[in-house]
Amino acid sequence: MQYSDRISRLKAEGAFAVLAECRRMEAEGKSIIHLQIGEPDFDTPRNISAAAVKAIQDGHTHYSPSAGTMEARAAVADHLHRTRGVRVDPEDVVVMPGVKPVIFSAIMGCINSQDEVICPNPGYPTYESVVNFVGANPVPVPLREENDFRFDVDELRSLVTPKTKMIILNSPENPTGGVLTRSDMEAIFEVAEEHDLWILTDEIYSGLVYDGEFVSISSVPGAMKRTILMDGMSKTYAMTGWRMGYGVMPRKLADYLATFAVNNFSCPASMVQVAMMEAFTGPMDEVNIMVEEFRKRRDVIVDGLNRIEGITCLKPQGAFYVFPNITQLGMTSKEVFDLLLYQAGVAGLPGTAFGEHGEGYIRFSYANSIDNIKEALRRIEKVLVDTRAKA
Ligand code: PLP
């Protein structure tokens, strides 16, 4: 059988492959501490689950309009006003089963083959994968530790060519936990204005900022006319398995995305849209407890990693990842990843799973209990001491 050329340009995600490997090892009786996963280990808040159950019982079990119900789109618009201070028209909102389909369809809708798209590197691998899929070229903008894993705007400017069509932002960032500041956003917007570029801003970690403020580029005056803003329920509300996200964008693109939805998955799930509305308007206690717990875990893992010889770790301001520097260990990211997984039973991800500028780093997710994080730190320290003793 023959397959299309384009399908082989899509890349699998490292975290899913490592999870499969961990499951194989666990089936053989090995003990693995999972620090590779990008999802909260908390249950969805009870009021949200109850709203979904009630929605099913009330008959929200049919197709909805392809871009989501008008009530759900209006709820997103209200939520964005409360959280970012921006006013958007519900007609510019598209509700989809997760942020991923918004990324996919927005890139399909704006980017032609041979165009260039500036992607954060290390960065979420889906961006480069989808840019390659449409036959365009991802251009990595390095996020450097010495700059707190933020953009260097002069470097960004130097990467723009006549073929550049889009800049992708992700703040707080996966994998570094880095957060862009208001002045970063203003400077990035200036570059986009100067060169007439789309800005795709993936704000999936917007609810997980521990120090400082979350800033959306949408709050820079004039930005929305060239911005595709996306966020979703997966991380902030511990709803990864529900599949619910949304995008806000100029009307014509929103209409194209609705047509994309009709041709692909028809519409987002009706009862999950009701659950999303409850998440936006219901009590936040369980979410607040989760965020506070993530902050504690971040402090435990950062302090613990910095006590281990050969490892240094910045304290990230957001998301639930740390991105420690392992260059002093004298091994590549992949070698350290293998050592930790196969000799210590600690699963992380090599920094290179997020692009070439991730070399010299490992990503750990702290979506795991403090006890497990402490045990992982003990195992990491021990395997490094043993390895040094053998050398
Ligand atoms: N964007 C980033 C930066 C992510 O890290 C993830 C999940 O890991 C997603 C998007 C996927 O979000 P969703 O579950 O809404 O598709």
Side-chain angles (χ1 to χ4, degrees), residues 10-19 34-42 44 48 68 72 76 79 93-107 117 119-131 138 141 143 149 167-180 199-209 214 216-217 228-248 257 260-261 264-265 268-269 272-273 275-276 279 294 316-323 348-349 351 353-355 358 363-367:
L10 277 180
K11 265 199 354 213
E13 224 182 282
F16 284 91
V18 172
L19 181 61
H34 293 267
L35 301 184
Q36 85 286 3
I37 30 173
E39 65 172 340
D41 53 321
F42 293 85
T44 300
I48 300 176
V76 169
H79 178 72
V93 173
V94 182
V95 177
M96 286 191 163
V99 163
K100 267 190 181 162
V102 191
I103 298 172
F104 195 91
S105 49
I107 292 175
V117 176
C119 302
N121 190 310
Y124 187 50
T126 295
Y127 311 135
E128 289 205 356
S129 175
V130 179
V131 169
V141 57
L143 302 184
F149 295 117
I167 303 172
I168 297 184
L169 307 181
N170 174 215
S171 173
E173 212 237 358
N174 177 5
T176 64
V179 171
L180 299 176
I199 299 167
L200 183 156
T201 174
D202 176 351
E203 302 182 356
I204 187 80
Y205 297 100
S206 62
L208 300 171
V209 177
F214 164 70
S216 168
I217 198 158
I228 308 156
L229 183 166
M230 47 194 77
D231 197 347
M233 315 312 288
S234 285
K235 315 289 174 168
T236 306
Y237 299 93
M239 289 174 71
T240 45
W242 294 68
R243 312 309 304 132
M244 180 55 52
Y246 51 86
V248 186
L257 262 63
F260 178 88
N264 191 349
F265 47 80
V272 185
Q273 296 181 62
M276 174 175 76
F294 277 140
Q317 285 176 274
F320 40 63
Y321 308 109
V322 284
F323 206 58
L349 285 176
F354 302 91
R363 188 194 81 170
F364 293 122
S365 153
Y366 48 89

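Counting starts at 1 for both ligands and their atoms, in listed order. Just so you know, residue 1 is the first one in the sequence shown, and it goes up from there.
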Item checked: Qualifying residues under side chain to side chain donor-acceptor pair (under 3.5 Å), relative to Gln317, sequence neighbours excluded -> none
Check: Looking only at heavy atoms, which two atoms of Thr44 and Trp242 are closest? And how far apart?
Finding: OG1-NE1, 3.0 Å
Check: Who are the residue neighbours of ligand 1 when the rule is a heavy atom under 4.0 Å from any of its atoms?
Finding: Gly98, Val99, Lys100, Tyr124, Tyr127, Asn170, Asn174, Asp202, Ile204, Tyr205, Ser234, Lys235, Arg243
Next item on the list: Taking ring-ring contact (aromatic ring centres under 6.0 Å, His included) as the test, write out the residues that go with Phe16, two or more places apart.
Entry: none
Checklist line | Step-by-step side chain to side chain contact (heavy atoms under 4.5 Å, CB included) determination, Val99 to Ser234 | finding: CA-CA 9 Å; Val99 163; Ser234 285; over 6 Å; no
Margin query: Going by salt bridge (Lys or Arg N to Asp or Glu O under 4.0 Å), name the pairs with one or both residues in residues 94-105, residues two or more places apart or in two chains.
Written below: Glu13-Lys100
Margin query: Go through it in stages, so that I can follow the logic: the residues are Tyr321 and Asn174, the test is side chain to side chain contact (heavy atoms under 4.5 Å, CB included), and I'd like the CA-CA distance, side-chain angles, deciding distance and then a yes or no.
Written below: CA-CA 7 Å; Tyr321 308 109; Asn174 177 5; 3.6 Å; yes
